[in-house]
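Note that ligands are numbered from 1 as they come in the structure, with each ligand's atoms numbered from 1 the same way.
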Amino acid sequence: MMREARILQELPRRLRAWYRRARRDLPWRRTRDPYRIWLAETMLQQTRVAAVVPYYERFLARFPTLAALAAAPVDEVLKLWAGLGYYARARNFHAAAQEVMARHSGRVPKRLDALLALPGVGRYTAGAIRSIGFNLPAPVLDGNVARILARLFAIHQDVKAAETQKRLWGLAEALVPPRHARDFNQAMMELGAVVCVPRSPACGECPVADLCEARRLGEQRRLPRKPKRKAVPHYDVGLGVVWRRGRVLIARRHDNALLGGLWEFPGGKREGEEPLAETVRREVKEEAGLDVAVAEHLMTYGHAYSHFRVTLHVFACRSTRGRPRPLGCAACRWVRVDELGDYAFPAGSRKIIQALREGAR
Ligand code: SF4
């Protein structure tokens, strides 16, 4: 208990002093605009800093204000997000901007309950907006902060378990200095990103190493405890590049599906041992109501999503009968290859688009 009290007392001041010296210059650290902070925090969820920077800058060049974002069609927002993954983040952020315009006169709210009522805003994002955007004494707890706390306080329980989460939120709250939440929370995030990293924490460079209980016990690499990983499922997917009169068929995914709102080449999972060409023929029929003749195999490649992996088998097809109808998708349409860039596709479709631009038929 003595040690815990010492950490709570000394850590905030020492970590802030370190942050002032060591912080990286990142685009979202040059602003206090809560809209921009919110965008950065949303993009950074599950995504590396280096990947986020160009997306963040492009996004703000097109939507410099929350009002500009709210006024744009969601397709344009998804197009700017294409390749960053977790597209529900983009749809929620756009919907939340529209709610802020409608309910809060276009000003990002400060109150926790008002923030939590917005689509896609959970306790972490609300805490980040309140502390970094408004310098209010609000805690944040994400994977990085949970890892640091588990090490500092030598917490051996599973950090994802409800009881442990409660304890971690309590510690995060107790640590936030009332007048310096902005710097302190960013300092914690920075420590987790560059020093107290998941596999090999750089304890020799850590500004609070002498406070750290895991280091004292030699357990820093073993904490936080990781629950056993489940095997990642794998699926074979057949996709059709369906041609008619020099145009290809694309389909828009339903908003509530994985990659919701994005466009793709029609196709789906192989059933049992069916031939992949049959998968494509069946899936195009189910998705777009179209009869096709599968002409030739174009390419096969792998792609990993957060919870599963796929092998994509792509076939060129000709449409033989029928008009496309959105039976298993939100919309479908014929487009020229040079128009594909006008639509938001997920990263998994890039290889196909590239091949089509290079002349594949
Ligand atoms: Fe993390 Fe090591 Fe610092 Fe402890 S001493 S907080 S394990 S970097």
Side-chain angles (χ1 to χ4, degrees), residues 1-26 28-29 40-41 44-52 123-125 127-128 131-132 135 137-229:
M1 250 328 165
M2 286 287 287
R3 287 189 71 86
E4 185 164 323
R6 191 174 159 226
I7 299 172
L8 290 173
Q9 194 182 351
E10 290 189 25
L11 183 108
R13 183 181 46 77
R14 286 174 47 187
L15 208 54
R16 275 173 37 233
W18 168 79
Y19 179 67
R20 282 196 292 273
R21 284 195 316 275
R23 58 183 244 161
R24 291 168 297 168
D25 178 29
L26 299 171
W28 44 88
R29 291 197 177 147
E41 289 302 330
L44 285 164
Q45 285 162 27
Q46 322 276 348
T47 313
R48 288 173 308 108
V49 164
V52 166
R123 207 168 158 192
Y124 170 81
T125 309
S131 60
I132 305 172
N135 204 25
V140 291
L141 183 74
D142 66 351
N144 275 331
V145 176
R147 179 173 64 253
I148 300 170
L149 294 177
R151 287 172 175 168
L152 278 169
F153 293 92
I155 294 170
H156 291 87
Q157 290 78 13
D158 174 1
V159 290
K160 299 244 168 86
E163 266 305 289
T164 327
Q165 281 279 307
K166 207 167 148 194
R167 180 169 175 211
L168 292 170
W169 274 106
L171 288 169
E173 185 153 21
L175 282 165
V176 181
R179 286 184 295 127
H180 301 288
R182 173 180 288 134
D183 278 0
F184 174 74
N185 281 348
Q186 291 191 94
M188 284 290 270
M189 293 170 187
E190 189 75 351
L191 190 76
V194 300
V195 178
C196 196
V197 293
R199 285 207 191 131
S200 302
C203 302
E205 294 161 32
C206 179
V208 289
D210 61 307
L211 297 175
C212 179
E213 190 65 359
R215 187 176 192 228
R216 190 177 72 85
L217 300 167
E219 290 186 329
Q220 59 269 47
R221 283 166 189 258
R222 283 202 291 277
L223 292 174
R225 222 192 69 199
K226 287 174 199 60
K228 280 208 180 96
R229 280 205 167 182

In the protein, what heavy atom is nearest to atom 2 (Fe) of ligand 1, and what distance, to one decimal place, separates them?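 Going atom by atom, the protein heavy atom closest to atom 2 (Fe) of ligand 1 ends up being Cys203 SG, 2.3 Å.
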
If you have a sec, work out which protein heavy atom is nearest atom 1 (Fe) of ligand 1 and how many Å separate them, to one decimal?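 Nearest neighbour among protein heavy atoms for atom 1 (Fe) of ligand 1, to 0.1 Å: Cys196 SG, 2.4 Å.
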
Lys226, NZ: over 12 other non-hydrogen atoms inside 6.0 angstrom: yes

Near Gln220, which atoms of ligand 1 are under 4.0 Å from a heavy atom of that residue? 7 (S)

Ligand-side contact atoms (ligand 1) for residue partner Ala209, heavy atom cut-off under 4.0 Å: 5 (S)

Is there a donor-acceptor contact under 3.5 Å from the side chain of Glu173 to the main chain of Ala138? no

Which residue, Arg222, Arg225, Glu219, forms the side-chain hydrogen bond (donor to acceptor under 3.5 Å, both in side chains) with His156? Glu219

Atom CZ of Arg167 and atom CD of Gln157: how far apart are they, to the nearest 0.5 Å? 7.0 Å

Starting at CD1 of Ile132, measure out to CH2 of Trp28 and round the result to the nearest 0.5 Å. 11.0 Å

Any N/O/S atom from Cys206 (main chain or side chain) under 2.8 Å of atom 2 (Fe) of ligand 1?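 Given the 2.8 Å cut-off, Cys206 does not count as a ligand of atom 2 (Fe) of ligand 1.
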
Would you check if atom 1 (Fe) of ligand 1 lies under 2.8 Å from any N, O or S atom of Cys212? no

